[in-house]
Number of protein chains: 2
Amino acid sequence: MKTSLEVCITEGIHQAVVNTVDRKMPEQVALYELADLFKIFGDSTRISILWALSESEMCVCDLCALLKMKQPAISHQLKNLKQSRIVKARREGKIIYYSLDDDHIRRLLDLGMQHVNELQMSMTH
Amino acid sequence: MKTSLEVCITEGIHQAVVNTVDRKMPEQVALYELADLFKIFGDSTRISILWALSESEMCVCDLCALLKMKQPAISHQLKNLKQSRIVKARREGKIIYYSLDDDHIRRLLDLGMQHVNELQMSMTH
DNA sequence: TGTACATATGACAATATGTTCATACGTACA
DNA sequence: TGTACGTATGAACATATTGTCATATGTACA
């Protein structure tokens with residue numbers, strides 16, 4: 001009973017290519033972490049939060065008002081962002097101010113948006 | 001009966017900040033598309049496929065062998081990637097070769113991996 | 001110490017996502 | 001035309017994710 005995987009391997013078209021690429025692949029752990037990083041960006045609430053924080057540090061309340069969402073929803077996402085070290089928090093009395101933890105984040109946002117815009121452009125032609 | 005959102009707004013700490021940031025926010029649609037772009041990157045199977053294709057064009061079978069996954073799993077993800085215009089396909093007889101559709105993709109992968117690596121570094125200190 | 005406000009957290013429901021199996025489609029070639 | 005191979009697709013299941021409600025925590029201040 002052959003699985004499709006076995007079929008693929010036995011009849012594999014480009015074993016040489018596969019080997020070469022395999023040697024160049026990063027460690028699985030690194031790929032998982034990379035996927036996790038992008039996963040964090042892959043939600044419109046979190047992206048909106050990040051974009052907002054790239055303009056100014058803000059407290060939870062501010063973000064609720066800006067995004068017109070309930071406070072626990074924002075807090076949950078901020079927790080995710082904080083655990084991924086994408087966002088950092090600073091307490092001032094009762095209020096907690098959030099901001100981007102790193103300038104890479106801004107660059108990733110910009111590069112992504114650039115791609116989205118160019119896709120948009122090419123759609124209209 | 002006040003919702004937490006209303007509480008936030010009425011007591012809002014930084015209405016001025018919220019207004020300023022609000023003016024600078026991209027359109028909601030753009031933010032959704034940006035999130036969708038990152039969502040596509042946010043899965044380890046797809047990231048692995050993309051990284052592999054950034055080294056060389058490959059057919060479905062090659063990817064199955066490289067990632068040790070079943071063929072339909074790879075095909076489904078390739079379909080997602082193709083629909084997002086991140087990957088393109090080229091047919092040659094029975095075989096279909098996939099490759100990256102755009103050089104932005106490579107830059108996004110690199111920038112992301114750079115961030116992951118630097119996080120890794122700072123963890124060990 | 002008690003009250004009010006800003007934020008965090010846990011449980012839950014609804015939805016989305018990824019992989020698998022079975023099977024269909026398309027091409028080459030006997 | 002029939003068979004074989006490479007790939008695509010649809011349904012189904014398992015798991016993950018998001019927002020909501022209710023409630024807890026922490027801080028300021030009377």
Side-chain angles (χ1 to χ4, degrees), chain A residues 1-15 18 32 35-36 38-49 57-65 67-84 87-98, chain B residues 1-15 18 32 35-36 38-49 57-65 67-84 87-98:
Chain A
M1 183 161 50
K2 304 167 84 178
T3 69
S4 47
L5 178 58
E6 283 158 13
V7 169
C8 269
I9 284 177
T10 52
E11 306 284 337
I13 307 302
H14 289 118
Q15 191 61 49
V18 172
Y32 266 84
D36 283 343
F38 285 125
K39 194 176 303 183
I40 282 285
F41 285 75
D43 172 84
S44 58
T45 299
R46 285 190 297 261
I47 273 285
S48 300
I49 291 177
E57 80 171 359
M58 286 190 160
C59 70
V60 179
C61 265
D62 291 345
L63 288 167
C64 291
L67 305 184
K68 298 181 177 43
M69 292 183 66
K70 307 231 172 107
Q71 175 265 318
I74 300 290
S75 276
H76 279 308
Q77 299 301 3
L78 284 171
K79 185 180 184 181
N80 289 333
L81 291 167
K82 202 166 55 176
Q83 281 181 335
S84 306
V87 138
K88 66 185 176 217
R90 167 177 82 80
R91 170 158 239 147
E92 196 168 296
K94 287 182 292 189
I95 300 171
I96 300 183
Y97 293 96
Y98 283 90
Chain B
M1 186 160 49
K2 305 167 82 177
T3 69
S4 46
L5 179 59
E6 283 158 14
V7 170
C8 268
I9 285 177
T10 51
E11 307 284 337
I13 308 301
H14 290 119
Q15 191 60 50
V18 173
Y32 266 84
D36 283 344
F38 285 125
K39 196 175 302 184
I40 283 284
F41 285 75
D43 172 85
S44 57
T45 299
R46 285 190 297 263
I47 274 285
S48 300
I49 292 177
E57 81 172 358
M58 286 191 163
C59 70
V60 179
C61 266
D62 292 344
L63 288 167
C64 291
L67 305 184
K68 300 180 175 44
M69 291 183 66
K70 307 231 171 108
Q71 176 265 318
I74 300 292
S75 275
H76 279 306
Q77 298 302 3
L78 284 171
K79 184 180 184 181
N80 289 332
L81 290 167
K82 201 166 56 177
Q83 282 181 334
S84 305
V87 138
K88 67 186 176 213
R90 166 177 83 80
R91 167 159 241 147
E92 195 168 298
K94 287 181 292 189
I95 300 172
I96 300 182
Y97 293 96
Y98 283 90

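Convention: sequence-line order gives letters A, B, ...; per-chain numbering from 1. Being a predicted model, the structure only gives us computed values, none of them experimental.
- Between I96(B) and K39(A), the residue anchored nearer the 5' end of DNA chain D, judged by the nucleotide with its closest heavy atom, is I96(B).
- Scanning atom types as modelled, one donor and one acceptor separated by under 3.5 angstrom connect the side chain of H76(B) and the base of dT20(C).
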> Can you list the steps and then say if L78(B) with I74(B) is a side-chain contact (heavy atoms from CB on, under 4.5 Å)?
Replying inline: CA-CA 6 Å; L78(B) 284 171; I74(B) 300 292; 3.8 Å; yes

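- Between R46(B) and dG18(C) there is a side-chain N or O to OP1 or OP2 distance below 4.0 Å.
- Taken to the nearest 0.5 Å, the CE atom of M69(A) stands 3.5 Å off from the OG1 atom of T45(A).
- Y98(A) comes within 4.0 angstrom of sugar-phosphate atoms only, judged by non-hydrogen atoms across all strands, and of no base.
- Using a 4.0 Å cut-off, no side-chain N or O of K79(A) falls inside it from OP1 or OP2 of dA8(C).
- Checking dA6(C), dA22(D), dG26(C) against the side-chain heavy atoms of R91(B) singles out dG26(C) as nearest.
- Here the nucleotide nearest the side chain of K82(B), chosen from dA8(D), dG18(C), dG6(D), is dA8(D).
- If you take CZ of F38(B) and C1' of dT17(D), they are 19 Å apart, rounded to a whole angstrom.
- Residues satisfying the salt bridge (charged side-chain N to carboxylate O under 4.0 Å, His left out) criterion with R90(A), sequence neighbours excluded, are E57(A), E92(A).
- Between K70(B) and dC21(C), a side-chain N or O to OP1/OP2 separation shorter than 4.0 Å is present.
- Remark: the backbone N or O of S48(A) is not paired with any side-chain donor or acceptor of R46(A) at under 3.5 angstrom.
- Interface remark: the Q71(B) side chain does form a donor-acceptor pair with the dA8(D) base, using a distance-only criterion of under 3.5 Å.
- For I95(B) and dA28(C), the CD1 to C1' distance is 11 Å, given to the nearest whole Å.
- Side-chain atoms of V60(B) lie closest to dT7(D) of the nucleotides dA6(C), dT9(C), dT7(D).
- Taking side-chain N and O atoms only, T45(A) has a distance below 4.0 Å to OP1 or OP2 of dG19(D).
- Remark: P of dT3(C) and NZ of K94(A) are 16 Å apart, rounded to the nearest angstrom.
- If you measure from atom CG of N80(A) to atom C1' of dG10(C), you get 14 Å, rounded to the nearest angstrom.
- Atom-to-atom, CD of Q77(A) to P of dT17(D) comes out at 11 Å; the value is rounded to the nearest Å.
- Atom-to-atom, OH of Y97(A) to C1' of dG26(D) comes out at 16 Å; the value is rounded to the nearest Å.
- For E92(A) and G42(A), each mapped to the nucleotide of DNA chain D holding its nearest heavy atom, the one lying further toward the 5' end belongs to G42(A).
- S75(B) is listed as a side-chain neighbour of V60(B), based on a closest heavy-atom distance under 4.5 Å.
- Rounded to an integer number of Å, the gap from D43(A) CG to dG19(D) C1' is 10 Å.
- Between F38(A) and F38(B), the ring planes are parallel. Angles under 30° get that label, and only those over 60° would be called perpendicular.
- Note: CE (M69(A)) to C1' (dT18(D)) measures 8 Å, nearest angstrom.
- Taking only side-chain atoms of A73(B), from C-beta outward, the nucleotide of dA28(D), dT19(C), dT7(D) with the closest atom is dT19(C).
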